Amino acid sequence: MQTQGISTMPVLRSEYVSKRGRVLTIIMFSITVLLLLATFLWIGARRINNFFVSRGDAAIEARDYKSAQWDYTWAIRFDRQDAHAYLERGFTRQQLALEQNAIRDFTRYIGLRPDDASGYFARAVSETRLGKYTEAVGDFGAAIEREPTNAAAYAGRGRAYMHMNSWQDAVNDLGAAIKLAPDESGYVLDRARSYSALNQLDPALADADRAVQLEPDDTSILSVRSELRERKGDMSGAQADLDRIIQLIPSSADAYGRRGAFYERRGNDQQALADYQHAIALDAELAWVYTRLGLLQQRRAEYDAAEASLTQAIALQPNDAAALYRRADLRYDVGHYDLALADASKALELAPNSPATLVLRARIQRAQGKFADASTDVSRAIELDASYVSAYLERARVARAQGDTNAALRDLGKALELSPESASAHADRAAIYTNEQLYDAALADYDAAITQRPDDASLYIARGKLNRLLGETDSAVADFSKATTLAKNDPEGYIELGVVSADGGKIDQSLQYFARALQLGANDARVFAARGHVYADQGNLSAAIDDLNQSLRLRPDHIPTLLTRARTYTRQSKLNEALADFNRAVELQPENVDALLARARYYAQQQTFDLALKDADTAVTHRPNSSDALLARARIYAQKGDRSHALSDVGQVLTLDATNIEARLLSARLYSSIAWNTQALNDIDQVLALNPQDANAYRLRADLRKRLGDITGAQADLERAQALMPGNTALALRQAELLEQQGKLREALVLYAQAVSVSENPGELYLHIGKLRYQLAQYHKSLANFQAALERLPNNPDAYAGVGRSQRQLGNFNAAIAAFKQYLRLAPTAPDRAEITAWIRKHGG
């Protein structure tokens, strides 16, 4: 047994060793095979990578960028370190506008080749396209560090600076690019644009000329040079460039449109219209030309045509917020406020953060009397841009419409703080100062506005109106005439000349000016409104209504014209028509204080005081600090006989403004009516201290002094009033009455005689003069006066009595008897009937 056990052990060990050797052999063989396979695969992957790279390069040559992108993607799968494939795939993605993907490829390339400028340059290009200008500046800079002679990198960084409005940096980089590539017209043109933005027109124009030399037929270069030439005042050169563009591309609607805009800026409306219409004929879908055409037509007061043009622009581009803004502005101009509001609201849906559109909508809402909404919009505009001057101007106008003059002046002050040369702010403040009767300050502001905008006709119109108010007729005419020379196609200057001529009694000249205005604007509602107002002032009510009707046909919802027509209807006793116009004005703008007060005055005239006070109360609610509203309500209370409420309102006005002359005068009348003559006299004294040229105040004080027994003082006041208003018949009669009261009959007769020729009731005046002459025993003259009275008052018993008495004194008894009989027939209960009857019998009558 032992022998068997010993003999088997060596056999088992040898088998074990042999098996282990075979395992090792298999492992070594496997490793060798794997190494051989890896080597084979590596050699194959390189070949596959090279295959796809070659295909990608060929696809780029053929501009088949989608295929190239696919090929480079496969090349990268077989070699993740292939920098060339990343760079080229980035280029293909740039061509396919896949900029973010391209940036990832260029970033990978930069990681693989950090010292090569190409990756930085390429990535900067994509960053520029994505608006990442700060990153682009950095990458172009990295490219320049690695390749200082790379002109394109300098130009690229310069253009990125242009996008950032860093114009001097742009000029510097583009200058470096031009030194490296002096014949590259694109670099020269971009430097010209940068110089232009810096307002350095001479070097800009020099660059533009150089670019034209390099590329004489490049229309983009010619366009830039045309703009620069225009800014330099070389209008013939600017037009020559625009003409050359059209010569090079005669089928370009855009070129005709741009030349039309040039003509429009030069005031050549006819040529502008021709070019715009030619542009539209070439391309009926060029929306911006329709917009320009509409704006030109709006300026020419061709409102229907302007509406059609802007509507076409919007039809072509329904989401064009700018075109909607323009049409809203047009519709606001013509008084179509609901349509204007719809356009402005749509524009804000498309561009909700546009301060300009918010301000426009606020302007429309202010016109509609929606002051709270207007205030919200304009405040939002200021939140968006605290330096937006127009927003402060509009908020001031809203405050002014609400009667908050102090708030308006604060906002105008802020506008002038932001822009001291703002002509609009000066003009708006001048208008407030005018209402506050601070005329010197108003004139100073208008002068400042005109200094800033000497070619703005509207400013001369505004200053002319103030000069007319101040009685400076020559200055007003000069301002209005200047406006006609500045705005040759605008009728407004001629309208104002027509008004000022009518004020001066030159009616024929006034009508000639209106005719000229109508030649410029045959369908201009303003002309008909102004002429209608003049006709109304002259008492030609029928002609006034015709013109006002025409104005309202053209501008149906214009509240001032509705109010003028309503007042004219009232004078014609067409009360239903008048009330309809007043109601329409209030319906259009329920918060319009002017409309409410106008209707309140109408109701007061009709003795409908409850309705009058209701409107006046509403007006005061909307403008609690408005002197106009409070004074209007005070007058209604006074008409109603409610002196306490009237004095209360007048007191509020004087609390707001102790210098308000109208309030002082009304206060004086109210106090005098309740025999508070001393208080009334005090009010009148204050009025005259504020305005020593107020003839009506002297007249009223004369009445008060007469009532208080101060005949001498009354006489002095009437003489002063008559000196200020030398042709005033009422003053002459009051003075004559005072002289008569003093027993100065001969002096009184001189004034009565002067008044009789212009008196509206000469019969009564002749009768009174006859009585005075009879008292002075001037019987021949008294007889003539009584007979003149009878011619105008055929059945006046006093006139017959005067004739009888004068004839009796002259010894003409038969004539006296005849006159006395007529007297007794007309006055059967006369107190001297018995005496006259007895005299007639005594003398055989």
Side-chain angles (χ1 to χ4, degrees), residues 355 358-360 362-367 369-453 456 458-459 461-467 469-470 591-594 597 619-632 652-663 690-691:
L358 283 163
V359 168
L360 174 59
R363 189 179 305 132
I364 297 164
Q365 290 164 337
R366 171 169 55 85
K370 300 175 180 177
F371 301 125
D373 291 341
S375 183
T376 298
D377 270 354
V378 78
S379 296
R380 170 65 177 152
I382 291 171
E383 288 176 11
L384 291 168
D385 184 354
S387 63
Y388 189 44
V389 173
S390 294
Y392 291 100
L393 291 176
E394 181 54 34
R395 192 163 70 178
R397 289 164 186 159
V398 173
R400 184 180 168 197
Q402 293 176 298
D404 194 345
T405 301
N406 291 332
L409 288 173
R410 281 197 301 272
D411 272 335
L412 290 173
K414 180 63 175 179
L416 287 167
E417 178 186 325
L418 291 167
S419 178
E421 299 179 353
S422 171
S424 296
H426 280 296
D428 280 7
R429 192 169 67 177
I432 292 176
Y433 285 150
T434 299
N435 287 341
E436 296 294 308
Q437 299 181 357
L438 302 172
Y439 299 126
D440 290 341
L443 279 173
D445 264 339
Y446 279 132
D447 290 344
I450 288 171
T451 299
Q452 300 305 325
R453 288 208 307 252
D456 188 334
S458 67
L459 295 176
I461 295 288
R463 189 174 69 179
K465 289 178 179 178
L466 175 55
N467 278 320
L469 175 67
L470 295 174
E591 297 180 7
N592 187 305
V593 171
D594 291 336
L597 292 179
V620 171
T621 299
H622 291 314
R623 290 190 197 170
N625 295 319
S626 167
S627 295
D628 289 343
L630 288 165
L631 270 176
Q652 287 188 59
V653 174
L654 292 173
T655 299
L656 293 167
D657 179 10
T659 65
N660 190 301
I661 290 176
E662 290 184 56
L690 294 167
N691 184 11

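What you are looking at is a predicted structure, and each value in this text was computed from that prediction instead of being measured.
The existence of a salt bridge linking Arg453 and Asp456 is confirmed by a sub-4.0 Å separation between a basic side-chain nitrogen and an acidic carboxylate oxygen. Here Asp373 does not pair with Arg366 in a salt bridge; the nearest charged N to carboxylate O distance is not below 4.0 Å.
Minimum interatomic distance between Ala427 and Leu459 (heavy atoms only, all atoms of both residues): CB-CD2, 3.8 Å. Counting all heavy atoms, side chain and backbone alike, Ala381 lies closest to Ala391 at CB-CB, 4.1 Å. Between Ser390 and Val359, the shortest heavy-atom distance links the atoms O-CG1, 4.0 Å. Listed here is the closest heavy atom pair of Leu416 and Ser422: CD2-O, 3.9 Å. For Ala423 against Gln452, the heavy-atom pair with the smallest separation is CB-CB, 4.2 Å. Taking all atoms of both residues into account, the shortest heavy-atom contact from Leu393 to Ala425 is CD2-CA, 3.4 Å.
Residues Asp447 and Arg463 form a side-chain contact, since some pair of their non-hydrogen atoms from C-beta on lies under 4.5 Å apart. Side-chain contact between Leu438 and Ile432: absent, with no pair of heavy atoms (C-beta onward) separated by less than 4.5 Å.
Annotation: the span from Leu597 atom CG to Asn592 atom CG amounts to 9.0 Å, rounded to 0.5 Å. Atom-to-atom distance recorded for Thr405:OG1 and Asn435:CG is 7.5 Å, nearest 0.5 angstrom. In this structure, CD in Glu383 is found 6.0 Å from CZ in Arg380, a value given to the nearest 0.5 Å. For the atom pair OG1 of Thr434 and CD of Glu436, the computed distance is 10.0 Å after rounding to the nearest 0.5 Å. One distance of note links OH of Tyr439 with CG of Leu469; it measures 4.5 Å at 0.5 Å rounding. Going from atom CG of Asp377 over to atom CD1 of Ile382 covers 11.5 Å, rounded to the nearest 0.5 Å.
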Derivation and outcome, side-chain contact (heavy atoms from CB on, under 4.5 Å), residues Val378 and Tyr392
CA-CA 8 Å; Val378 78; Tyr392 291 100; over 6 Å; no
Derivation and outcome, side-chain contact (heavy atoms from CB on, under 4.5 Å), residues Asp445 and Asp428
CA-CA 9 Å; Asp445 264 339; Asp428 280 7; over 6 Å; no
Evaluate side-chain contact (heavy atoms from CB on, under 4.5 Å) for Glu591 paired with Phe371, printing each intermediate quantity in order.
CA-CA 8 Å; Glu591 297 180 7; Phe371 301 125; 3.7 Å; yes
Evaluation steps, side-chain contact (heavy atoms from CB on, under 4.5 Å), between Asp404 and Asn625
CA-CA 7 Å; Asp404 194 345; Asn625 295 319; over 6 Å; no
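Counting heavy-atom neighbours within 6.0 Å of Glu421 CD, excluding the residue itself, gives a total of 12 or less.
A donor-acceptor pair shorter than 3.5 Å cannot be found between the side chains of Asp628 and Ser626.
Distance alone, capped at 3.5 Å, is enough to place a donor-acceptor pair between the Ser379 side chain and the Ser375 backbone.
Asp411 pairs in a side chain to side chain donor-acceptor pair (under 3.5 Å) with only one of the listed residues (Arg429, Arg397, Arg395), which is Arg395.
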